Visitor: 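I'd like to ask some things about the structure below.
Since we're looking at a predicted model, the values are computed, not measured. Indexing begins at 1, ligand by ligand and atom by atom, following the structure's order. Count residues from 1 along the sequence.
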Amino acid sequence: MSKIVIVYHSGYGHTKKVAEAVAEGSGGTLLAIDAEGNLPEGGWEQLAAANAIVFGSPTYMGSVSWQFKKFADASSKPWYGQQWKNKLAAAFTNSASMNGDKLSTLHYLFTLSQQHSMYWVGTGMMPSNSKAATRNDINYVASSSGLMTSTPSDASADEMVPGDIATAKAFGQRVAEAAKRFA
Ligand SMILES: Cc1cc2nc3c(=O)[nH]c(=O)nc-3n(C[C@H](O)[C@H](O)[C@H](O)COP(=O)(O)O)c2cc1C
């Protein structure tokens, strides 16, 4: 049985909704980084026991939030012992603008995964980019390296685009399938 852990930070609840959808699709467990950038008790042990770790952060000023970066810096401890070596890694980010420099965030999360000697899983999804495409299509935000979702800047966490939430579930399923193949 694969253990998938979704470790994420969310300042205002939007990325949390994406994380929940990834957890639903993958059957994984949520692990929230708190407002001070810390994991709950037992969080590091949960990550050590995982087969796959999915990293999630909002995009703030073109990168991860400082709380996520604090977690990433603290992961230098397991890095010393290469504790996460050969686990699967995948990532997602949510931001307000359709582009919003989300790829910078995913690139950072990819680099983090490679420092930990993990195997990266992308979305495996075709973009929805034809004339007939609509905002609620799967992978309308059209990312291949990791999951991207966009929330209008004045939308509450309860107003996430349904197609993005469905894309997040499908992304979770892909991580679960990869974890099963890899086991
Ligand atoms: C400090 C800060 C920086 C932000 N920088 C970006 C950005 O670079 N690109 C973007 O598209 N949106 C940016 N946003 C908007 C957030 O990505 C967006 O509101 C997102 O839904 C917040 O997710 P959360 O509710 O999980 O914190 C920024 C918001 C804040 C508070």
Side-chain angles (χ1 to χ4, degrees), residues 4-40 43 46-47 50 52-75 89-113 121-123 125 127-129 133-175:
I4 300 169
V5 176
I6 298 112
V7 60
Y8 72 97
H9 172 252
S10 179
Y12 304 93
H14 302 84
T15 310
K16 180 171 189 257
K17 292 281 181 190
V18 182
E20 286 167 355
V22 173
E24 194 182 325
S26 66
T29 307
L30 290 167
L31 183 59
I33 299 165
D34 69 19
E36 298 307 319
N38 298 319
L39 290 179
Q46 234 179 297
L47 291 168
I53 300 175
V54 186
F55 302 111
S57 172
T59 291
Y60 289 168
M61 302 315 288
S63 190
V64 294
S65 63
W66 70 259
Q67 289 90 345
F68 189 95
K69 186 61 167 63
K70 180 175 168 182
F71 155 76
D73 288 2
S75 81
F92 59 92
T93 188
N94 177 73
S95 86
S97 305
M98 189 54 74
N99 181 311
D101 300 312
K102 283 192 269 284
L103 190 57
S104 293
T105 305
L106 289 182
H107 276 169
Y108 171 68
L109 295 169
F110 170 74
T111 301
L112 175 68
S113 78
V121 181
T123 64
M125 294 175 198
S128 171
N129 58 10
T134 70
R135 181 66 185 89
N136 270 317
D137 291 346
I138 294 293
N139 204 23
Y140 180 85
V141 188
S143 179
S144 48
S145 44
L147 174 69
M148 292 184 185
T149 55
S150 290
T151 314
S153 60
D154 53 351
S156 72
D158 290 328
E159 294 174 298
M160 300 291 292
V161 175
D164 281 2
I165 295 298
T167 305
K169 284 182 196 165
F171 179 62
Q173 277 161 14
R174 174 163 168 84
V175 173

Visitor: If we check side chain to side chain contact (heavy atoms under 4.5 Å, CB included) with S95, which of these qualifies: T149, T59, D101?
Guide: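 Only one of T149, T59, D101 forms a side chain to side chain contact (heavy atoms under 4.5 Å, CB included) with S95, namely T59.
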
Visitor: Name the residues with a heavy atom less than 4.0 Å from ligand 1?
Guide: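 S10, G11, Y12, G13, H14, T15, P58, T59, Y60, M61, G62, N94, S95, A96, S97, G100.
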
Visitor: Sequence neighbours left out, what pairs pass salt bridge (Lys or Arg N to Asp or Glu O under 4.0 Å) with at least one residue falling in residues 18-35?
Guide: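 Listed once each, the pairs are K16-E20, E24-K169.
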
Visitor: Using only atom types and a distance under 3.5 Å, with no angle test, would you say the side chain of T167 pairs donor to acceptor with the backbone of N139?
Guide: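 Confirmed, T167 side chain pairs with N139 backbone.
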
Visitor: Under the salt bridge (Lys or Arg N to Asp or Glu O under 4.0 Å) definition, can you give me all pairs with a residue in residues 142-162, not counting sequence neighbours?
Guide: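 Found K17-D158.
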
Visitor: Filter on salt bridge (Lys or Arg N to Asp or Glu O under 4.0 Å), then keep only pairs touching residues 59-75, sequence neighbours left out; what's left?
Guide: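 Non-adjacent pairs meeting salt bridge (Lys or Arg N to Asp or Glu O under 4.0 Å): K69-D73.
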
Visitor: When V18 is tested against each of I6, D164, L147 for side chain to side chain contact (heavy atoms under 4.5 Å, CB included), which residue passes?
Guide: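 Considering I6, D164, L147, a side chain to side chain contact (heavy atoms under 4.5 Å, CB included) with V18 is found only for L147.
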
